[in-house]
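Some notes on the structure that comes next.
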Amino acid sequence: MDYQFIKVELSDGIAIVTIDRQEALNALNSEVLSSLHKVFYELAKESNLKAVILTGAGKSFVAGADIKEMTDYNPVQARAFSLRGQSIFNQIEDFPKPVIAAVNGFALGGGCELAMSCDFRIASDKAKLGQPEVNLGVTPGFGGTQRLARLVGRSIAKYLLFTGEIIKADRALQIGLVDEVIEAEKLMERCMEIAKIIAKKGSISVSYCKRAINKGIEIDLNTALGYEAELFAETFATFDQKEGMKAFAEKREAQFKGE
Ligand code: DAK
């Protein structure tokens, strides 16, 4: 996979996707957004893929949507840009395999929204996060008003959105915006460690857990429990369920095939 602003390294079932447009602190212009869409579209076809780590090159994760590209948009273009970004972030949120955001630096505006579309966020102690769109006279357009409130609660989300405050990693951890904070030098090592743990599990069950949580959290509990029961039942049609339970009885480690 060859892209102007994105590097993809795939080995042992783990993909590292690095946004690399360092001259603009990895800001999301149309080209980066299109490439992100293509990268995840292509990765979805990798049958052996177990997890993805998404990060940024240099001192930034992603410093936002590209302000310079958006400056002269009219409302029609702004709506199209917002819908395009939202659909790509939904694609990442619904990606069948876990996506870990390795938040290495600035995750602002669209960058914070991108991190929030991942399954979890491991942040470097140098990371800074926020939704500073009010400084530009706009609202977040890639899911920030929705995913942030769902993650940290509506009043903290409102505080961050109304003030545009940029917070450090330790505060982000405190409010649940990130899940762990790690020394900058050890960030990728820790993300790989998590990805490798996941890679050893039954990949169908991991993927069903993701679907059950993402879908279930948006609907009423009884319907969600019904959905959980359906997915649970479906796992009994897999090799991995037979192998996992047999391995338990035989007191050995299961050899899952993702089938
Ligand atoms: N867009 C474009 N270029 C950016 C950028 C961005 N978001 N962030 C940084 N850059 C560029 C800078 O312009 C500079 O380029 P040159 O001047 O060298 O050409 C280069 O990256 C290095 O940046 P700095 O020189 O500013 O670096 P510093 O370390 O001094 O400062 C900073 C780092 C992250 C604090 C600062 O760059 C900054 O404040 N950046 C902007 C952060 C921000 O406001 N992010 C939110 C962007 S708005 C919507 C759709 C989407 C959105 C909203 C609505 N609709 C369609 C409705 C999303 C909005 C956003 O994400």
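Note that this is a predicted model, so its numbers are computed, not measured. Both ligands and their constituent atoms are indexed starting at 1 by order of listing.
For the residue pair Asn104 and Ser124, no side-chain donor N or O sits within less than 3.5 Å of a side-chain acceptor on the partner. Asn90 and Ser87 share no donor-acceptor pair across their side chains, judged by distance under 3.5 Å alone. In this model, a donor atom of one side chain and an acceptor atom of the other lie less than 3.5 Å apart for Asp20 and Gln22.
Relative to the ring axis of Phe239, Lys257 places its NZ or CZ within 45° and under 6.0 Å from the centre. Cation-pi geometry between Lys215 and Tyr227 is met: the NZ or CZ atom falls under 6.0 Å from the ring centre, inside 45° of the normal.
Among the atoms of Ile67, some N or O lies under 3.5 angstrom from an N or O of ligand 1. Every N/O-N/O distance between Val138 and ligand 1 stays at or above 3.5 Å. Note: an N/O pair closer than 3.5 Å links Ala65 and ligand 1 by distance alone.
The protein atom (non-hydrogen) at minimum distance from atom 54 (C) of ligand 1 is Thr139 O, 3.2 Å.
For atom 15 (O) of ligand 1, the nearest protein heavy atom is under 4.0 Å away. Note that atom 40 (N) of ligand 1 has no protein non-hydrogen atoms nearby, at separations under 4.0 angstrom. The protein reaches atom 11 (C) of ligand 1 closely, with a heavy atom under 4.0 angstrom from it. Within a 4.0 Å radius of atom 25 (O) of ligand 1, the protein contributes no heavy atom. For atom 48 (S) of ligand 1, a protein non-hydrogen atom is found at a distance below 4.0 Å. When distances from atom 36 (C) of ligand 1 to the protein are checked, no heavy atom turns up under 4.0 Å. There is a protein heavy atom less than 4.0 angstrom from atom 61 (O) of ligand 1.
Look at Pro132 and you'll find a heavy atom under 4.0 Å from some atom of ligand 1. Ligand 1 lies nowhere less than 4.0 angstrom from a heavy atom belonging to Asn135. Using a 4.0 Å cutoff on heavy atoms, Lys128 does not count as a contact of ligand 1.
Put simply, the side chain of Arg21 never gets that close to the backbone of Phe5: no donor and acceptor are under 3.5 Å apart. Remark: the backbone N or O of Pro140 is not paired with any side-chain donor or acceptor of Gln131 at under 3.5 angstrom.
If you check each of Gly141, Ala78, Cys112 against atom 56 (C) of ligand 1, the one with the closest non-hydrogen atom is Ala78. The closest heavy-atom contact to atom 45 (N) of ligand 1, among the options Gly109, Ala63, Ala107, comes from Ala63. Of all the listed residues (Met70, Lys59, Gln77, Lys68), Lys68 holds the heavy atom that lies closest to atom 13 (O) of ligand 1.
Under 4.0 Å from ligand 1, not a single heavy atom of Glu69 appears. Using a 4.0 Å cut-off between heavy atoms, Leu136 contacts ligand 1 through its side chain alone, with no backbone atom that close. Proximity of Ala27 to ligand 1, defined as any heavy-atom pair under 4.0 Å, is confined to the side chain (atoms from C-beta onward).
The residues Arg211 and Glu234 are annotated as not salt-bridged, no charged nitrogen and carboxylate oxygen being separated by less than 4.0 angstrom.
Taking the six-membered ring wherever Trp is involved, the centroid distance between the rings of Phe81 and Tyr73 falls below 6.0 Å.
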